[in-house]
Amino acid sequence: METVLSIKGLSKQYGRVRALDNLNLEVKKGDVFGILGPNGSGKTTTLGIILSVINQTSGQFEWFGEKANKDTRKTIGAILEHPIFYPYLTAVQNLKIVCDIKEVPYARVDEVLTQVGLDERKDTKFKTFSLGMKQRLSIASALLCNPTVMILDEPTNGLDPQGIAEIRELIIEIANSGKTIIIASHLLDEVQKVCSHFCVLQRGKLIYNGLVEDVGKGSVSVEVKADHDDLQTVLEASGLGTTVKRELDKYIIKMEGDHSAAEVNAYLFKQGITAKHLLVQSKSLEKQFLEILAGNKEGGAQ
Ligand code: ADP
Ligand code: MG
């Protein structure tokens with residue numbers, strides 16, 4: 001698949017704060033790519049840089065294999081913050097102003113309003129809109145010049161559950177229409193519901209990059225303690241794990257396939273070794289991310 005965005009070694013320093021630290025990422029055509037991380041992890045900074053709104057301290061990025069330029073920018077629709085619309089103007093009037101700025105024919109206004117489900121409210125003043133409707137209008141505004149890439153920063157922040165569901169549905173529809181989408185979010189749930197691929201940022205560092213469908217899967221490790229001179233070799237020879245590492249007085253086996261702790265126990269017993277301690281450490285990615293997103297000791301910036 002064609003590479004839409006390629007980020008190489010991107011860093012951003014704000015005084016003493018390293019907001020982004022050597023980020024490498026690739027987004028392919030058709031991906032719905034989530035950038036997941038707790039507050040302050042560098043999501044907005046990343047989006048700002050790839051939209052050429054913020055200057056990076058070092059590193060590069062390319063859109064469609066080119067340095068960002070006027071043409072690449074035209075193919076990107078973005079909603080970085082709640083955009084400012086005129087409260088006393090209607091949806092249509094507001095979007096016509098955007099058409100003037102972006103040099104897009106007015107005919108697009110009705111099309112995008114239908115696309116975001118605001119056609120029935122198109123002649124209503126902006127100030128009467130619910131937050132969800134306001135967000136849909138910003139999406140409509142970003143869609144006006146028919147971009148191939150859509151960038152959304154925390155698109156459901158502040159919305160009620162129904163508004164959240166509607167916006168997520170809309171994002172999925174836009175993705176199905178063939179656009180590549182990049183979404184920053186601090187909600188694992190949102191990323192799981194909407195995205196195909198995602199990465200996780202923690203204090204500006206990339207700590208995960210993969211498929212959303214892999215999230216539920218967990219790797220199981222088994223902790224073992226036993227009196228034996230060379231437990232490491234014995235465990236390695238078992239063929240039950242991919243790696244065995246020592247941690248103080250115990251050994252941790254990363255289990256291969258669906259081998260179980262019971263098999264480790266049976267194997268040791270056969271070797272004439274009695275396990276004094278056997279503990280399954282099962283930690284799905286989901287659990288790990290939720291801990292990070294909840295901003296535990298390791299999570300969040302400062
Ligand atoms: P996120 O969007 O993931 O919440 P941000 O990219 O907004 O994170 O922020 C990343 C880090 O950079 C945070 O520590 C934040 O305080 C800091 N930061 C962001 N913008 C600025 C700025 N203009 N000046 C100084 N520090 C900033
Ligand atoms: Mg942010």
Side-chain angles (χ1 to χ4, degrees), residues 5-27 31-61 63 68 76-84 131-132 134-136 138-139 141-142 149-159 163-164 167-168 170-171 180-195 197-210 212 215 285-286 288-302:
L5 171 68
S6 150
I7 295 180
K8 291 199 183 94
L10 211 55
S11 296
K12 175 71 184 179
Q13 193 85 28
Y14 287 112
R16 284 169 53 209
V17 176
R18 198 154 185 82
L20 208 56
D21 192 356
N22 192 28
L23 179 67
N24 295 292
L25 271 188
E26 283 225 335
V27 178
D31 285 357
V32 182
F33 195 97
I35 300 177
L36 180 68
N39 283 335
S41 56
K43 305 180 297 294
T44 300
T45 301
T46 305
L47 298 186
I49 294 172
I50 63 177
L51 284 165
S52 310
V53 178
I54 297 173
N55 290 321
Q56 68 264 44
T57 305
S58 58
Q60 295 102 40
F61 63 93
W63 286 105
I76 303 163
I79 305 171
L80 270 196
E81 288 154 75
H82 285 290
I84 300 149
L131 263 181
K134 288 178 176 168
Q135 186 65 331
R136 278 189 277 158
S138 3
I139 294 175
S141 165
V149 184
M150 283 283 279
I151 296 182
L152 305 152
D153 194 0
E154 308 269 8
T156 60
N157 253 12
L159 302 186
I164 291 173
I167 294 293
R168 288 178 182 171
L170 178 58
I171 294 169
T180 305
I181 300 185
I182 301 172
I183 303 176
S185 176
H186 67 285
L187 304 169
L188 175 61
D189 170 53
E190 177 150 293
V191 167
Q192 279 179 307
K193 288 206 168 96
V194 174
C195 300
H197 297 70
F198 78 120
C199 69
V200 180
L201 292 184
Q202 187 179 23
R203 280 174 279 151
K205 283 200 169 82
L206 181 78
I207 58 162
Y208 180 83
N209 188 6
V212 166
V215 171
L285 279 173
E286 185 154 7
Q288 297 175 40
F289 296 149
L290 287 173
E291 281 172 17
I292 292 164
L293 297 169
N296 65 350
K297 284 198 293 288
E298 292 154 324
Q302 301 94 47

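In this chain, residues are counted from 1 in sequence order. The analysis underlying the following values was restricted to heavy atoms, covering all of them including side chains, and did not include hydrogens, waters or symmetry mates. Whatever order the structure lists ligands and atoms in, that order sets their numbers, starting from 1.
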**Message:** Test your reading of the structure: does Gly42 have an N or O sitting under 3.5 Å from an N or O of ligand 1?
**Reply:**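 Yes: some nitrogen or oxygen of Gly42 is under 3.5 Å from one in ligand 1.
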**Request:** Could you tell me whether some N/O pair between Asn39 and ligand 1 is separated by less than 3.5 angstrom?
**Result:**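 Between Asn39 and ligand 1 (N or O atoms, distance only) the closest approach is not under 3.5 Å.
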**Request:** Indicate, as side chain, backbone, both or neither, the part of Pro38 found under 4.0 angstrom from ligand 1 when only non-hydrogen atoms are considered.
**Result:**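 Backbone only.
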**Request:** Please state which part of Thr45 comes within less than 4.0 Å of ligand 1, counting heavy atoms only: side chain, backbone, both or neither.
**Result:**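 Contact part for Thr45 vs ligand 1: both backbone and side chain.
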**Asked** For ligand 1, which atoms sit closer than 4.0 Å to a heavy atom of Val17?
**Response**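 The list of qualifying atoms is 14 (O).
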**Prompt:** Hey, which atoms in ligand 1 end up nearer than 4.0 Å to a heavy atom of Ser41?
**Reply:**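 Reading through ligand 1 atom by atom, the close ones are 1 (P), 3 (O), 8 (O).
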**Request:** Would you mind finding which of Gly48, Gly204, Gly40 brings a heavy atom closest to atom 10 (C) of ligand 1?
**Result:**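 Among Gly48, Gly204, Gly40, the closest heavy atom to atom 10 (C) of ligand 1 belongs to Gly40.
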**Asked** For the Mg ion (ligand 2), does an N/O/S atom of Thr44 lie at less than 2.8 Å?
**Response**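 For Thr44, the answer is yes, given that an N, O or S atom comes within less than 2.8 Å of the Mg ion (ligand 2).
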**Euclidean distance, Leu293 CG relative to His186 NE2, rounded to 0.5 Å** =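 His186 atom NE2 to Leu293 atom CG measures 8.5 Å (nearest 0.5 Å).
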**Message:** Within this structure, what is the CG-CD1 distance for the pair Leu152 and Ile79, rounded to the nearest 0.5 Å?
**Reply:**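 Rounded to the nearest 0.5 Å, the CG-CD1 separation comes out at 5.0 Å.
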Heavy-atom pair with the smallest gap, counting every atom of [X] and [Y]:
| X | Y | result |
| --- | --- | --- |
| Ile49 | Gln56 | CG2-OE1, 3.7 Å |
| Leu206 | Asn24 | CD2-O, 3.5 Å |
| Lys43 | Pro38 | NZ-O, 3.0 Å |

**Asked** Between His197 and Phe33, what is the ring plane arrangement, given parallel below 30°, perpendicular above 60°, and tilted in between?
**Response**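 Aromatic pair His197/Phe33 classed parallel.
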